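Comments concern the structure below.
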Amino acid sequence: MLIYDEPVYRPPSEASSLILQATVGCSHNGCRFCYMYKEKTFRPRPWAELETDIEYAAGQWPGTRRIFLADGDAFVLSTPRLTRILEALRAAFPALQRVTAYATPQNLLTKDTEEMRRLRELGLTILYCGVESGDPDLLRLIGKGATPDEMADGCRRASDAGLKLSITVILGLAGKSGSMSHARLSAELLNRIQPLYLSALTLMLGPHRDRYRSGMGEGFDFSDPADDVRELGELVKCLGTDRCIFRSNHASNYLALKGTLLRDRERLLGEIELALEDPGGRLRPEWFRGL
Ligand code: SF4
């Protein structure tokens with residue numbers, strides 16, 4: 001049996017992938033809006049445990065084509081450790097087509113393009129990275145631990161190495177008053193990164209709303225669903241990403257959109273405008289949202 005230190009999270013697009021837990025928790029674990037790994041102390045999983053998992057999985061599912069390395073930032077592992085994992089996966093799964101992982105912006109800065117290229121050649125294909133915003137003040141307030149310039153630098157290294165980037169931003173992070181500048185500065189950063197995949201999520205805090213508000217400074221006011229959709233519209237309007245597969249269909253969003261930017265921008269803006277004409281009828285109800 002595969003051993004997991006739960007809870008284990010994966011991107012929606014990894015629903016059919018084999019999940020191997022290369023690390024436990026998140027090495028940063030400091031983002032004010034994120035509670036996914038708060039109960040875990042970050043640690044790389046010992047090689048012996050991982051090797052046992054790989055051997056077991058290879059026996060059970062020898063035709064595996066996709067593997068996602070959990071937890072919150074498996075890309076934090078050193079290049080030699082990732083190399084060892086990727087080589088073991090290639091040996092164990094002859095049909096393997098892609099290996100993916102979450103990476104924090106900080107992780108991307110710990111490896112140079114040449115190291116990333118070697119990992120790409122060994123089968124690592126996609127990195128999922130939450131930049132959340134391009135607003136430097138907001139990034140500091142939410143404890144992201146990286147500036148827009150650092151994020152652009154790390155993402156450029158990955159792209160130059162041939163790794164595909166799947167980037168997320170979070171609507172609603174800046175509340176009502178910061179909404180438009182969050183959207184515009186995020187678009188500015190994304191235009192520098194030029195990701196292949198881009199997803200917008202919407203802030204969900206559950207029982208942690210008061211704690212988030214208290215860290216965001218005096219006068220912070222949460223945005224409402226229509227504000228978040230207007231923010232989405234401003235983001236889409238300002239994006240200059242070419243051949244970028246854009247999604248806001250994550251369950252946290254009030255409005256699900258899908259398209260390729262820039263090609264589909266006018267259609268997406270039309271859908272946003274329609275939704276804002278009748279928010280009560282066209283936006284996902286609060287009870288329907290989830291993570
Ligand atoms: S880097 Fe990602 S997983 Fe880690 S605390 Fe921030 S949002 Fe959560």
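If you're wondering where the values come from, they're calculated on a predicted model, not measured in any experiment. Indexing begins at 1, ligand by ligand and atom by atom, following the structure's order. Only this structure's heavy atoms are used, side chains among them; waters, hydrogens and symmetry mates stay out.
Protein heavy atom closest to atom 2 (Fe) of ligand 1, with residue, atom name and distance, is Lys144 NZ, 4.2 Å.
Around atom 8 (Fe) of ligand 1, the protein contributes the following N, O or S atoms at distances under 2.8 Å: Cys34 SG.
Partners of Asp135 according to the salt bridge (Lys or Arg N to Asp or Glu O under 4.0 Å) rule, which considers only residues two or more places apart in sequence or in another chain, do not exist here.
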Which side-chain N or O atoms in residues 160-172 pair as donor and acceptor under 3.5 Å with protein atoms at least two apart or in another chain?
from   : atom 1 : to     : atom 2 : distance (Å)
Asp160 : OD2    : Arg156 : NH1    : 3.3

Return all side-chain donor-acceptor pairs below 3.5 angstrom for residues 37-47, not counting sequence neighbours, or 'none' if the list is empty.
from  : atom 1 : to    : atom 2 : distance (Å)
Tyr37 : OH     : Gly72 : N      : 3.4
Lys38 : NZ     : Asn29 : O      : 3.2
Lys38 : NZ     : Cys34 : O      : 3.0
Lys40 : NZ     : Asp5  : O      : 2.7
Lys40 : NZ     : Pro7  : O      : 2.6
Lys40 : NZ     : Asp71 : OD2    : 2.8
Arg43 : NH2    : Asp5  : OD2    : 3.4
Arg45 : NE     : Glu49 : OE1    : 3.0
Arg45 : NH1    : Gln21 : O      : 3.0
Arg45 : NH1    : Asp53 : OD2    : 2.8
Arg45 : NH2    : Glu49 : OE1    : 3.1
Arg45 : NH2    : Asp53 : OD2    : 3.4

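Shown in contact with Gly30 at under 4.0 Å from a heavy atom are these atoms of ligand 1, numbered in order with element: 5 (S). Within the listing of ligand 1, atoms 1 (S) sit less than 4.0 angstrom from a heavy atom of Thr104.
The backbone N or O of Thr202 lies less than 3.5 Å from no partner atom in the side chain of Tyr254, so there is not a single donor-acceptor pair.
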| query | Could you go step by step and tell me if Phe33 and Tyr35 meet the ring pair (Phe, Tyr, Trp, His ring centres under 6.0 Å) rule? | reply | CA-CA 7 Å; Phe33 57 87; Tyr35 291 86; 8.7 Å; no
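Each of Val99, Leu69, Ile85 was compared with Leu20 under the side chain to side chain contact (heavy atoms under 4.5 Å, CB included) criterion, and only Leu69 meets it.
Residues Lys258 and Leu268 come closest through the heavy atom pair O-CD2, 3.5 Å.
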